[in-house]
> 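The structure that follows is given in the form of structure tokens.
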Amino acid sequence: MQTAVHSKKTVSKRGFLENVRRELRTNWGLYLLVAIPVAYLVIFKYVPMYGVQIAFRDYTPVRSITGSAWVGLKHFQRFFSNPNSWAIIRNTLSISLYSLLTFPLPIVLALLLNYMPSQRFKKTVQLVSYAPHFISTVVMVGMILQFLDTRSGLVNMLITALGGESVSFMSQPGYFYHIYVWSGIWQSIGYNSIIYIAALAGVSPELHEAAIVDGANILKRMWHIDLPCLLPTVSILLIMQCGSILSVGYEKIYLMQNNLNSSVSEIISTYVYKQGIAASTPQYSYATAIGLFVSIINVILLIIVNKVTGKLSGSSLW
Amino acid sequence: MKKRNHAIRYTFSDRIFLAFNWIFLSSFLIIILYPLLYVISASFTAGTTVMSLSLIPERFSVAGYQAVFQEADIWTGYLNSLFYMAAGTAISLAVTILCAYPLSRPDFKGGGFIMILCMITMYFSGGMIPTFLVVRDLGLLDSRLAVLLPGAMSVYNMIVMRTYFRTQVPAEVLESSQLDGCGNIRYLFSILLPLSVPILAVIGLFYAVGHWNAYFDAMIYLRERSKYPLSLILREILILNESSLEDMDVGVLMEIEERRNIMKYAVIVVSSLPVMLLYPFVQKYFVKGIMIGAVKG
């Protein structure tokens with residue numbers, strides 16, 4: 001008995017190397033193919049992760065990454081001791097939370113479309129509402145600037161036509177967040193509703209029929225049937241959004257910035273870009289430290305929110 | 001769905017709801033559609049002084065489009081963007097396929113490890129500066145490859161494609177082709193890819209639109225204007241109000257300024273044309289792609 005077990009072990013040990021060899025011989029093609037994406041990941045994702053250590057060093061281009069001196073948390077301390085930094089963090093969080101609060105809007109749209117009796121009208125609304133998603137960020141911000149122009153802008157012409165005074169929207173910091181968030185909703189509400197419409201199409205018709213027999217009206221069916229069915233989708237999307245709370249749409253915000261609104265429009269990502277790349281003397285280490293801070297907060301938030309929603313609704317990312 | 005709605009008789013409260021629904025969705029349609037149509041109408045208007053809220057231009061003019069045609073920068077940018085879109089989509093699709101196919105094979109040892117390697121990059125990254133330094137150290141600064149390579153593969157798209165390979169192509173196809181002596185690489189090109197045209201179209205379109213609309217990487221990595229994609233030229237015209245020409249007298253500058261104002265709406269239309277023309281045809285594929293992604297969860 002014991003000898004049998006022993007001999008089995010040695011066979012499996014020898015078998016392992018043999019297995020590897022056989023695997024390589026039969027599946028060499030797969031390894032050859034996957035080498036290209038792996039090389040891509042290593043070069044453009046993992047080498048930068050290795051390079052993140054310059055956040056703890058005084059990196060200058062003349063020295064290599066490992067050749068520059070360790071300075072510990074100097075760059076982090078510098079960032080947090082700067083009073084402007086807190087304004088930047090506050091701006092980032094404000095924009096992020098404001099955007100997060102609008103997440104029910106695509107769900108509402110999906111529900112309303114789901115109860116639209118005319119299929120043709122439903123299709124038309126869908127077709128039109130996806131279209132703005134394909135407008136590029138640059139063109140979108142260009143449209144915002146044109147529409148909000150004090151002299152010839154659509155919005156101000158409407159205001160003056162209604163007897164009001166024209167407003168210089170882009171130069172008043174108070175309007176910045178509203179412009180950013182609501183233009184984003186205009187652009188993506190239709191596209192974001194697709195996933196909910198698909199989920200609603202998967203709701204079993206028997207549930208609705210039973211509810212109708214029991215005398216439930218549309219609103220009650222939405223609340224008791226449709227929303228519970230949407231919950232897993234909603235939680236996954238919310239987790240994802242919470243995991244990027246400190247890296248909001250900087251590409252759009254950067255384009256919307258001007259000297260007059262910079263007190264509210266400077267966010268962490270645009271600040272990192274300005275300090276680390278656009279500046280005449282780029283401060284690589286300092287900017288990397290700020291970027292690393294953002295990544296770490298994002299990962300921590302993602303893990304926490306994932307845990308919480310996993311407990312509450314049973315759906316989580318992993 | 002349609003049948004159900006016809007089969008039931010609506011209660012009083014449901015009718016109120018449906019009336020509200022019609023009103024709401026109609027206003028929603030107008031809010032989305034009006035700005036889009038307004039841009040097109042405004043692009044045919046002669047100058048910003050005769051703008052109105054109406055969707056029919058008061059004085060019809062193609063001056064804006066003439067100005068667009070005269071601007072050489074726009075056409076260089078347009079060609080560059082077409083190149084970045086075509087080459088970028090080809091590279092992105094290739095890398096994504098090469099990653100998704102081996103990972104979709106249950107018999108591929110080491111797939112789990114590579115999958116984890118991919119997933120980590122979804123949630124954590126080195127950040128803007130270390131990536132920039134890598135591109136710089138590779139000598140790719142101010143090269144067209146810098147726009148194409150760093151963001152070549154989206155792990156999310158790769159997972160969607162892998163899910164499709166796994167769930168939509170029957171495992172028997174692989175088994176029988178292996179019995180016939182078909183190798184792994186040949187199986188990919190002559191069997192799997194022809195069977196997966198829908199997902200290739202979806203993912204290809206995601207990439208194409210992304211490449212056409214991107215501006216940030218180009219702004220970071222490119223210095224030479226002749227390599228600029230259209231989005232960077234648009235940024236100068238629409239947002240920065242900058243002129244590429246220096247040291248000119250005030251008269252000429254004002255003339256350029258006026259020409260740029262006239263062409264702003266026209267340039268928005270011209271630059272959105274490729275994607276917008278494609279859009280009605282590919283719309284159903286986008287929906288499909290999102291649904292496959294949602295199935296994975």
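Since the structure is predicted, the reported quantities are computational estimates derived from the model, not experimental observations. Per chain, numbering begins at 1; letters A, B, ... match sequence-line order.
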> Heavy-atom cut-off 4.5 Å, strictly under: side chain, backbone, both or neither for B:T96 against chain A?
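It is neither, since no heavy atom gets under 4.5 Å.
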> Need one label for A:A278: side chain, backbone, both or neither, based on atoms under 4.5 Å from any heavy atom in chain B.
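Answer is neither: A:A278 stays 4.5 Å or more from chain B.
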> Can we call the ring centroids of A:Y273 and A:Y250 under 6.0 Å apart?
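Aromatic pair excluded; centres sit 6.0 Å or further apart.
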> Where on A:I218 is there a heavy atom nearer than 4.5 Å to chain B: the side chain, the backbone, both, or neither?
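Both parts, backbone and side chain.
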> For A:M256, which atoms come within 4.5 Å of any heavy atom of chain B: side chain, backbone, both, or neither?
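No part of it gets close to chain B.
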> For the pair B:S41 (side chain) and B:L55 (backbone), establish whether a donor and an acceptor sit closer than 3.5 Å, ignoring hydrogens and angles.
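Yes, the answer is positive, given that a donor and an acceptor are paired below the 3.5 Å cut-off.
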> Non-hydrogen atoms of chain A under 4.5 Å away: do they reach the side chain of B:V95, the backbone, both or neither?
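Answer is both: backbone and side chain atoms of B:V95 are under 4.5 Å from chain A.
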> Please classify the contact of B:K264 with chain A as side chain, backbone, both or neither, using a heavy-atom distance under 4.5 Å.
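The side chain, not the backbone.
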> So for A:I144, is it side chain, backbone, both, or neither that comes closer than 4.5 Å to the heavy atoms of chain B?
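Contact with chain B involves no heavy atom of A:I144 at all.
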> Going by atom types alone, do A:T288 and A:H75 pair a side-chain donor with an acceptor below 3.5 Å?
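Absent: no donor and acceptor within the cut-off.
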> Counting heavy-atom pairs closer than 4.5 Å to chain B, which one of A:L32, A:I65, A:V47, A:L109 comes out on top?
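Looking at each option in turn, the highest pair count goes to A:L109.
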> Do A:D149 and A:N156 have side-chain atoms, one donor and one acceptor, less than 3.5 Å apart?
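Note: A:D149 and A:N156 side chains miss the donor-acceptor criterion.
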> Does any backbone or side-chain atom of A:I54 lie under 4.5 Å from a heavy atom of chain B? Answer side chain, backbone, both or neither.
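Looking at A:I54, just its side chain touches chain B.
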> Is it the backbone or the side chain of B:V135 that comes under 4.5 Å from a heavy atom of chain A, or both, or neither?
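Just the side chain, heavy atoms under 4.5 Å.
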> Select one option (side chain, backbone, both, neither) describing which atoms of B:F113 are under 4.5 Å from chain A's heavy atoms.
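No part of it gets close to chain A.
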> Which atoms of B:L133 are under 4.5 Å from chain A, going by heavy atoms: the side chain, the backbone, both sets, or neither?
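Only the side chain of B:L133 comes within 4.5 Å of chain A.
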> Given heavy-atom pairs under 4.5 angstrom as the criterion, report whether the side chain, backbone, both or neither of B:Y123 touches chain A.
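Interface part for B:Y123: both.
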> Does any backbone or side-chain atom of A:L292 lie under 4.5 Å from a heavy atom of chain B? Answer side chain, backbone, both or neither.
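Just its side chain gets close to chain B.
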> Which residues pass the side chain to side chain donor-acceptor pair (under 3.5 Å) test with A:W182, not counting sequence neighbours?
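Side chain to side chain donor-acceptor pair (under 3.5 Å) check on A:W182 returns A:Y98.
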> Identify which part of A:Y59 has an atom lying under 4.5 Å from any heavy atom of chain B, answering side chain, backbone, both or neither.
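Side chain only.
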> Select one option (side chain, backbone, both, neither) describing which atoms of B:I97 are under 4.5 Å from chain A's heavy atoms.
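Contact with chain A involves no heavy atom of B:I97 at all.
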> Answer yes if the side chains of B:S13 and A:N217 hold a donor-acceptor pair under 3.5 Å, and no otherwise.
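Short answer, yes.
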> Can you say whether B:Y101 sits under 4.5 Å from chain A via the side chain, the backbone, both, or neither, judging by heavy atoms?
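Just its side chain gets close to chain A.
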> Hey, would you say the B:W22 and A:F121 ring centroids sit under 6.0 Å apart?
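Between A:F121 and B:W22, which both carry aromatic rings, the centre distance is below 6.0 Å.
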> Less than 4.5 Å to any heavy atom of chain A: does that hold for the side chain of B:R186, its backbone, both, or neither?
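For B:R186, neither part sits under 4.5 Å from chain A.
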> Between A:G142, A:G29, A:A131, who has the most heavy-atom pairs with chain B when the cutoff is under 4.5 Å?
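Of the candidates given, the most pairs with chain B belong to A:A131.
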> Using heavy-atom distances under 4.5 Å, tell me whether B:S231 contacts chain A through its side chain, its backbone, both, or neither.
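Backbone plus side chain of B:S231, per the 4.5 Å heavy-atom cut-off to chain A.
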> So for B:M276, is it side chain, backbone, both, or neither that comes closer than 4.5 Å to the heavy atoms of chain A?
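For B:M276, the side chain is the part near chain A, not the backbone.
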> Identify which part of B:F12 has an atom lying under 4.5 Å from any heavy atom of chain A, answering side chain, backbone, both or neither.
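Neither part; nothing is under 4.5 Å.
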> Measuring heavy-atom distances to chain B, does A:L255 have an atom under 4.5 Å in its side chain, in its backbone, in both, or in neither?
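Contact with chain B involves both backbone and side-chain atoms of A:L255.
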> Between A:Q257 and A:K274, is any side-chain donor less than 3.5 angstrom from a side-chain acceptor?
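Judged by distance alone, the side chains do pair up.
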> A:L154 versus chain B, heavy atoms under 4.5 Å apart: side chain, backbone, both or neither?
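It is both, since atoms from each part get that close.
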> Go through the atoms of A:Y50 and report whether side chain, backbone, both or neither lie under 4.5 Å from a heavy atom of chain B.
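Contact with chain B: none, neither part.
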> Quick check on A:Y40 against chain B: is it the side chain, the backbone, both or neither that has a heavy atom closer than 4.5 Å?
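Just its side chain gets close to chain B.
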